[in-house]
Amino acid sequence: MSRAYQPRKIESKWQKKWDADGLYEANVDESKEKFYAMTMLPYPSGDLHIGHWYAIAPSDARARFKRMQGYNVMFPIGFDAFGLPAENAAISRGMHPKEWTYKNIEHMRSQIKSMGPMVDWRREMISADPKYYHWTQWFFIQLYKNDLAYRKYSPVDWCPQCNTTLAREQVHGEDRHCERCGTQVTKKDLEQWFFKTTNYADELIDFSLIDWPDRVKTLQTNWVGRSEGADVIFKTEAGDDLTVFTTRPDTLWGATFMVLAPEHPLVEKLTSPEQTEAVKIYKHEAEQKTEIQRASVDKEKSGVFTGGFAINPVNGARIPIWIADYVMMGYGFGAIMAVPAHDERDFDFARQFDLEIIPVIQPEGENFDGKTMSESYIGPGLMINSAQFDGVAVTDDKGRKNPGIAKVIDWLDGEGLGKEAVSYKLRDWLISRQRYWGAPIPMVYCDDCGWNPVPEEELPVLLPDDVEWLPTGESPLKLHPTWKDTSCPSCGKAATRETDTMDTFMCSSWYHLRYLSPDFEQGPFDQNEYDYWMPIDIYTGGIEHANMHLIYTRFFHKALRDMGIVEGHEPMMQLRNQGMVLGEDGEKMSKSRGNVVSPDDLVAKYGADTVRGYLMFFARWDLGGPWNSQGITGTERWLSRTWSLFTEPPMGGKPPEGLIKDVKRALHTALDRVTQDYEKVEFNTIISTSMELMNVLVEAKKKGAANTKDWAEILEIYLLMIAPSVPHIAEELWSEVLGKPYSIHNQKWPEADQEMMKTDEITLIVQVNGKLRDRIVVPVDISKEDAEKTALASPGAAPFLEGQEVRKVIIVPGRLVNIVI
RNA sequence: GGGGCAGUGGCGGAAUUGGCAGACGCAGGGGACUUAAAAUCCCCCGGUGCAAACCAUGUGGGUUCGAUUCCCACCCGCCCCACCA
């Protein structure tokens with residue numbers, strides 16, 4: 001009597017054996033082509049979420065497919081172990097962040113193992129291990145030595161809930177809330193460490209070397225926000241330079257006033273005695289505004305006149321200088337020339353405060369008058385009121401491609417009034433965090449020598465365990481009685497350590513390098529491993545990191561490349577994003593909503609293979625969607641019917657003529673499709689095609705197909721096909737039921753036989769005026785003439801052709817005949 | 001306001017990229033087996049219509065012999081950015 005399908009039994013059995021045999025150990029092997037498949041590492045929050053499974057299991061299937069194709073595949077995993085949740089847990093439970101984190105890792109590691117991924121656990125990295133953050137610190141020092149890390153006093157984003165600064169990227173939404181806790185972010189003037197990500201702005205929007213989703217490329221491009229234009233030097237009446245960036249130097253003659261950000265350094269000097277009070281009040285209001293809800297979007301412009309004037313360099317006009325909060329200190333120079341006739345915001349401002357409007361671009365057939373214009377004009381036209389440039393055509397193009405802009409830039413340059421310039425929205429990356437559970441920034445401050453890096457031989461700067469983590473807004477390390485005391489690396493005098501820690505995104509910017517050699521002590525990675533494995537061939541994970549991790553890690557790689565530490569221009573050649581698994585109610589899963597699906601429960605009930613298969617099947621992987629707890633029974637049935645197919649005795653007698661040929665055709669067609677879908681990283685159709693094939697096999701077995709000598713080979717190919725997606729049942733059926741040599745995961749991916757896929761007869765679609773009228777079965781090699789003849793005579797089409805003149809017949813060989821009447 | 005992604009049965013989704021719309025699965029209906037239930041197996045399953053046939057891929061146009069697929073305009077949903085000069 002055949003055994004029933006007992007997934008949990010066979011799954012833990014094979015997981016143990018694979019582990020004991022080191023089946024998934026990935027070693028440098030020059031004789032084989034490498035494939036580095038990586039999935040975004042989890043944060044050890046406590047429990048593996050279904051979202052983790054969704055990220056890891058299909059990625060694992062893809063990696064297994066590559067392995068069967070003959071690649072030497074590395075599919076590592078680790079833990080992004082530093083970060084705020086550990087500290088918050090420490091505060092609320094009175095448990096040390098380290099203890100909490102490592103306990104969680106242990107638990108989550110076993111949960112990951114329960115899905116049976118082909119992970120080489122010898123390569124695991126944990127970013128909170130001293131042997132890891134040693135090198136995070138080392139990288140900081142390299143960036144510092146190469147002039148890519150600097151300290152700056154500036155207003156920075158501050159989360160009052162998390163009690164720390166945040167990178168610009170970690171501030172979300174119109175209301176500017178904290179990425180992690182959702183609290184409204186405030187501004188704080190602090191001296192902090194930054195990385196010069198802006199040095200790489202242009203390179204970061206060049207995606208020519210990588211195969212990344214358009215969505216991510218667009219997000220990153222918009223985030224970098226490159227604009228082409230010119231820097232133009234205005235002079236204040238007092239003689240100070242007042243430089244502005246503009247994308248529209250062609251409209252310079254229409255600049256009738258200037259606007260500075262309230263925080264602009266020249267404001268005080270410019271302000272006339274009679275305006276001093278008004279300016280002071282406005283500055284104060286503007287400061288408050290960033291702190292209060294800006295969500296109440298009254299887009300009505302506010303601002304105040306400083307009493308100061310500037311000279312428009314192109315025409316000598318004396319123009320007033322205002323301050324307004326619609327000008328941002330952080331972009332360009334924090335100052336603009338206002339051209340109300342051709343900029344919507346400037347127009348609104350001019351109308352509100354009754355400032356002069358001079359049109360300088362005019363399309364044909366128009367006759368603009370600054371006094372009567374009802375809105376600004378942004379489009380193309382001819383320059384007017386612009387002295388020698390009158391009549392020059394201005395197009396919709398940006399930058400130098402626009403003839404008007406190009407001419408003006410060249411002229412400005414020649415006159416020494418300005419120069420071509422590019423501006424970016426991208427900010428330098430603020431990495432200081434006033435928190436405990438992170439990698440200490442390895443810098444020392446000495447009253448005499450200033451800032452110096454900790455000597456590399458003294459790394460790592462260890463995080464002390466005995467710390468009070470009172471959430472005070474000061475770095476907890478600062479409150480430690482002795483930790484910060486050290487000596488100056490330069491002069492040896494008593495000095496103080498930097499007590500801030502690094503943004504955890506710093507840890508995750510290079511973890512792919514640590515997988516190469518997690519225990520290597522002479523450097524961040526072993527060069528031999530690097531030379532073999534890098535770059536990453538496919539990186540999978542959520543899209544939410546498009547403007548954070550995925551920009552930082554590219555920046556990091558490019559910076560290391562310029563230091564000669566790594567090679568190539570990009571770390572990750574291909575990126576694919578998975579969507580999100582939502583709760584059954586279509587909402588984001590959350591404990592408070594009670595719609596969380598527990599993978600542990602599912603594995604207990606259905607087994608890991610069913611969960612893996614269903615995650616691949618239930619939605620388009622890149623989109624995700626709501627979980628359906630009934631839907632998983634479809635995958636469960638697929639596997640139990642597969643089990644029966646292999647374990648139940650043969651049926652029927654002698655199979656009918658042609659059956660085996662038909663089965664083989666279905667087999668190879670499915671194999672071809674599955675192969676393509678794995679290449680394209682489209683998982684749902686891999687499973688549906690496998691189900692479809694199984695249905696064919698079940699039918700064929702009933703008709704006696706299992707009584708032929710071909711049957712064994714058919715079953716083998718089917719098993720090989722499903723092995724990457726459902727590795728345990730495939731192994732059991734392969735090694736135990738078919739008695740083939742262990743392991744199925746060392747077998748070669750079968751090749752679809754194009755000959756087998758061919759048919760003798762095809763079904764030709766017969767259309768009349770594009771409407772389906774009949775289907776005719778014809779020989780595959782039918783001539784066009786015969787196809788036309790047969791179609792015209794077909795019973796379905798004939799009635800529609802009666803008494804009609806056939807004007808044209810379109811024949812798509814192998815597909816259809818369309819008769820046009 | 002700008003940008004992106006999507007819109008196909010009751011539901012998740014297919015459609016070899018311009019050629020049979022709805023594969024595969026869930027749910028539903030009917031039947032077989034069973035004392036009964038579960039499991040399993042078989043049949044039906046977009047709409048209208050007795051049928052022939054017609055209608056149907058968010059809406060309206062267009063290109064084409066032929067459009068879910070390409071183009072234009074619009075509607076709805078989600079995501080990102082948002083007074084960025």
Side-chain angles (χ1 to χ4, degrees), chain A residues 172-174 213-223 225-227 229 244-248 251 255 258-259 261 294 297 299-302 324-328 330-339 342-346 348-349 423-426 543-544 546-547 579-580 586 614 617-620 622-638 640-641 644 669 672-673 676-677 682 684-695 698 702 763-775 799 807-812 814-821:
Chain A
H172 288 194
E174 190 168 19
D214 288 342
R215 248 178 103 193
V216 175
K217 292 194 275 190
T218 313
L219 283 168
Q220 294 200 345
T221 303
N222 292 343
W223 187 259
R226 181 192 157 97
S227 303
V244 299
F245 171 76
T246 177
T247 55
R248 295 294 305 275
T251 63
M258 298 186 81
V259 186
R294 254 168 59 165
V297 260
K299 289 278 156 148
E300 192 148 303
K301 297 281 180 293
S302 68
D325 64 2
Y326 82 90
V327 175
M328 312 286 133
Y331 184 77
F333 296 90
I336 61 159
M337 64 173 207
V339 184
H342 304 292
D343 181 279
E344 203 183 323
R345 296 150 300 175
D346 299 346
D348 292 346
F349 196 82
S423 192
Y424 302 91
K425 291 187 204 172
L426 184 72
I543 198 165
E544 65 275 13
N547 290 338
M580 206 190 298
Y614 185 59
F617 176 68
F618 89 101
R620 251 178 64 177
D622 56 335
L623 296 179
W627 181 261
N628 180 341
S629 53
Q630 279 177 323
I632 195 170
T633 56
T635 314
E636 188 190 22
R637 283 176 194 150
W638 166 51
S640 64
R641 293 181 74 202
S644 309
T669 307
D672 191 50
R673 174 112 203 249
Q676 288 178 34
D677 287 345
E682 288 173 10
N684 55 346
T685 44
I686 288 171
I687 304 301
S688 64
T689 303
S690 306
M691 288 174 169
E692 215 173 339
L693 176 60
M694 182 205 62
N695 289 338
V698 168
K702 281 185 200 162
T763 305
L764 214 54
I765 302 308
V766 181
Q767 293 180 337
V768 178
N769 281 357
K771 287 201 189 233
L772 175 72
R773 294 302 177 196
D774 208 350
R775 297 178 179 131
R807 282 180 37 214
K808 203 165 158 191
V809 179
I810 287 146
I811 299 167
V812 183
R815 282 265 165 77
L816 60 77
V817 179
N818 188 13
I819 303 157
V820 187
I821 54 173

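Predicted model, so just to flag it, every value in this text is computed and none were measured.
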| query | Rounded to whole angstrom units, what separation is found between the CD1 atom of Ile819(A) and the C1' atom of G19(B)? | reply | 15 Å
| task | Decide yes or no, distance alone: a donor-acceptor N/O pair under 3.5 angstrom between the base of G19(B) and the side-chain of Gln767(A). | result | yes
| When all nucleic acid strands are considered with a 4.0 Å heavy-atom cut-off, which category describes Val327(A): base, sugar-phosphate, or nothing? | base
| message | For the backbone of Ile821(A) and the side chain of Asn769(A), can you confirm whether one donor and one acceptor N or O come within less than 3.5 Å of each other? | response | yes
| message | Under 4.0 Å, heavy atoms only, any strand: does Gly624(A) hit a base, just the sugar-phosphate, or nothing? | response | sugar-phosphate
| Between Trp627(A) and Tyr614(A), is the gap from one ring center to the other below 6.0 Å? | yes
| task | Between C42(B), G19(B), C20(B), spot the one nearest the side chain of Leu772(A), thanks. | result | C20(B)
| remark: So the stems of RNA chain B, runs of at least three Watson-Crick or G-U pairs (under 3.5 Å), are B:1-5 with B:77-81, B:10-12 with B:24-26, B:28-32 with B:40-44, B:46-48 with B:53-55, B:58-62 with B:70-74
| Rounding to the closest angstrom, what is the interatomic distance between A27(B) and G60(B) at atom P? | 35 Å
| Within this structure, what is the CD-to-P distance between Glu344(A) and C83(B), rounded to whole angstrom? | 13 Å
| message | For a quick check of understanding: with a heavy-atom distance under 4.0 Å over all strands, which category does Lys217(A) fall into, base, sugar-phosphate or nothing? | response | nothing
| request: Among the candidates C65(B), C83(B), A53(B), find the nucleotide nearest to the side-chain atoms of Lys808(A). | output: C65(B)
| remark: Considering only heavy side-chain atoms of Leu219(A), the closest of C80(B), G4(B), G19(B) is C80(B)
| request: Taking only the side-chain heavy atoms of Leu623(A) (C-beta and beyond), determine which of C65(B), C5(B), A85(B) contains the nearest atom. | output: C5(B)
| field | Separation of Lys425(A) NZ from Met328(A) CE (nearest 0.5 Å) | value | 11.5 Å
| Between A15(B) and G22(B) - C1' atom distance, rounded Å | 8 Å
| said: Distance check needed: C80(B) P versus Arg215(A) CZ, whole Å only. | reply: 9 Å
| note | In whole angstroms, the gap separating P of G19(B) from NZ of Lys771(A) amounts to 18 Å
| query | Can you tell me how far CD1 of Ile819(A) sits from NZ of Lys808(A), rounded to the nearest 0.5 angstrom? | reply | 14.0 Å
| request: Whole angstrom is fine here: how far is it from CG in Asn547(A) over to C1' in C79(B)? | output: 12 Å
| query | Please give, in whole Å, the distance from A23(B) C1' to Leu693(A) CG? | reply | 14 Å
| query | Checking all strands, does Ser423(A) fall into the base, sugar-phosphate, or nothing category for heavy-atom contacts under 4.0 angstrom? | reply | nothing
| Length of the line joining Ile336(A):CD1 and C83(B):C1', which is rounded to integer Å | 9 Å
| With sugar-phosphate meaning primed atoms plus P, OP1 and OP2, does Trp223(A) contact a base, only sugar-phosphate, or nothing at under 4.0 Å between heavy atoms? | sugar-phosphate
| said: By the 4.0 Å heavy-atom rule, please label Asn818(A) as base, sugar-phosphate, or nothing. | reply: base
| request: Report the distance from atom CZ of Arg807(A) to atom P of C65(B), rounded to the nearest whole Å. | output: 9 Å
| message | For a quick check of understanding: with a heavy-atom distance under 4.0 Å over all strands, which category does Val820(A) fall into, base, sugar-phosphate or nothing? | response | sugar-phosphate
Review item, nucleotides 25-28 of chain B N/O atoms under 3.5 Å of protein N/O:
from, atom 1, to, atom 2, distance (Å)
G25(B), OP1, Asn695(A), ND2, 3.1
C26(B), OP1, Arg637(A), NH1, 2.4

N/O contacts under 3.5 Å, protein versus nucleotides 14-18 of chain B?
from, atom 1, to, atom 2, distance (Å)
A14(B), OP1, Asn684(A), ND2, 2.9
A15(B), OP1, Arg673(A), NH2, 3.0
U16(B), N3, Arg815(A), NH2, 3.4

| For Tyr326(A), is the NZ or CZ atom of Lys301(A) found under 6.0 angstrom from the centre of its six-membered ring and inside 45 degrees of the ring axis? | yes
| field | Donor-acceptor pair under 3.5 Å, Lys425(A) side chain vs C81(B) base | value | no
